[in-house]
Amino acid sequence: MNLINSVITQGKIWNACQNLNDDEPNKREMALKTLQEFGKQSIPSLLRAIGPQSSIRSQCGAAVVLHRLGERKGIEFLIETLQWKYPAEPAESEMGGYLEEAFLRIGNPDSAPALLTAWEKHHDWRDENIL
């Protein structure tokens, strides 16, 4: 019976990971909640979800849940994406919106230091290059 419960749990986690990329915000919100509720059992799937095979929307959602579960890789993914992938994307890309949403979901006190780290490492974003 324990094996069956494990398979059911992993199925729910997999389904929630798939819903991180859903067009409906309510489904994405429910996916975030479900993944967080399953806790540490979600981590392997979430780590796969921040991989290059996933959409940026899924990656950002997975990074938020990883962070909430105490996995440093969540915020590290967001910082790296902000530093290296976002500047290389065309202006019409939706990446900025997903990154912004992820950092807002994480909130303070964790988002501010992460954003400052990204700011300090990106030479084009220094104060002397603004305006």
Side-chain angles (χ1 to χ4, degrees):
M1 191 66 162
N2 199 13
L3 178 61
I4 293 172
N5 288 337
S6 179
V7 169
I8 290 170
T9 296
Q10 289 306 311
K12 289 178 181 178
I13 290 170
W14 181 83
N15 188 50
C17 281
Q18 296 302 307
N19 285 337
L20 289 174
N21 194 40
D22 199 282
D23 288 335
E24 290 191 35
N26 291 339
K27 281 191 178 180
R28 289 195 311 272
E29 188 66 37
M30 194 62 183
L32 293 170
K33 183 179 177 186
T34 298
L35 291 163
Q36 190 169 341
E37 286 173 357
F38 280 114
K40 301 253 184 237
Q41 295 176 43
S42 297
I43 291 175
S45 295
L46 290 166
L47 290 172
R48 278 192 301 279
I50 62 171
Q53 76 285 355
S54 297
S55 70
I56 187 64
R57 182 169 31 190
S58 293
Q59 290 172 326
C60 288
V64 169
V65 179
L66 281 168
H67 178 76
R68 289 178 179 170
L69 294 176
E71 281 291 319
R72 183 87 183 126
K73 289 185 181 188
I75 199 88
E76 288 172 355
F77 168 82
L78 293 172
I79 292 169
E80 182 179 303
T81 301
L82 183 60
Q83 286 177 315
W84 305 110
K85 295 178 187 171
Y86 179 65
E89 287 293 312
E92 60 273 359
S93 168
E94 295 178 330
M95 184 182 292
Y98 298 133
L99 284 168
E100 179 181 0
E101 181 181 343
F103 281 110
L104 287 172
R105 283 183 180 280
I106 289 172
N108 270 330
D110 298 330
S111 281
L115 290 168
L116 286 172
T117 298
W119 182 272
E120 291 168 357
K121 289 184 178 179
H122 202 287
H123 69 281
D124 289 341
W125 295 350
R126 294 201 182 114
D127 289 342
E128 63 268 12
N129 293 327
I130 298 176
L131 298 178

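This structure is a prediction, so every number in the text was calculated from the model and none was measured. We count residues from 1, following the sequence as given. Side chains are part of it too, since the values below use all heavy atoms of this structure and drop only hydrogens, waters and symmetry mates.
Screening Glu100, Glu101, Glu94 against Tyr98 for a side chain to side chain donor-acceptor pair (under 3.5 Å) leaves a single residue, Glu94.
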For this session: Please lay out, stage by stage, how Ile56 and Cys60 fare under the test side chain to side chain contact (heavy atoms under 4.5 Å, CB included).
Result: CA-CA 6 Å; Ile56 187 64; Cys60 288; 4.0 Å; yes
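Shortest non-hydrogen contact noted between Cys17 and Ser45 is SG-CB, 3.7 Å. Closest non-hydrogen pair, Gly61 versus Leu32, comes out as O-CD2, 3.4 Å.
The side chain to side chain contact (heavy atoms under 4.5 Å, CB included) search around Ala62 returns Leu20, Leu46, Ala49, Ile50, not counting sequence neighbours.
For Lys12, the NZ atom is loosely surrounded, since the number of other residues' heavy atoms within 6.0 Å does not exceed 12.
Side-chain atoms of Leu35 and Leu69, non-hydrogen and from C-beta on, never get closer than 4.5 Å to each other. Side chains of Ser111 and Leu104 form no contact here, defined as non-hydrogen atoms less than 4.5 Å apart. Within the 4.5 Å cutoff, the side chain of Leu66 has no heavy atoms near those of the Phe77 side chain. When side chains are defined from C-beta on, Gln59 does not count as touching Thr81, because their heavy atoms never get closer than 4.5 Å. Annotation: side chain of Ile75 is in contact with side chain of Ile79 (closest heavy-atom distance under 4.5 Å).
The distance from the CG atom of Leu82 to the CE atom of Met95 is 10.0 Å, given to the nearest 0.5 Å. Separation of atoms NE2 (His67) and NZ (Lys73) is listed at 16.0 Å; rounding is to 0.5 Å. How far NZ of Lys40 is from CD of Glu71: 6.0 Å, rounded to the nearest 0.5 Å. The distance from atom CD1 of Ile4 to atom CD1 of Ile8, rounded to the nearest 0.5 Å, is 7.0 Å.
In this structure, Gln53 contributes its side chain and Arg48 its backbone to a donor-acceptor pair below 3.5 Å.
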List the atom pairs, with distances to 0.1 Å, where a side-chain N or O of residues 21-30 and a protein N or O form a donor-acceptor pair under 3.5 Å, not counting sequence neighbours.
unit_1, atom_1, unit_2, atom_2, d
Asn21, OD1, Ser55, OG, 2.8
Asn21, OD1, Arg57, NE, 3.2
Asp22, OD1, Glu24, N, 2.8
Asp23, OD1, Arg57, NH2, 2.9
Arg28, NH1, Asp22, O, 2.7
Arg28, NH1, Asp23, O, 3.3
Glu29, OE1, Arg105, NH1, 3.0
Glu29, OE1, Arg105, NH2, 2.7

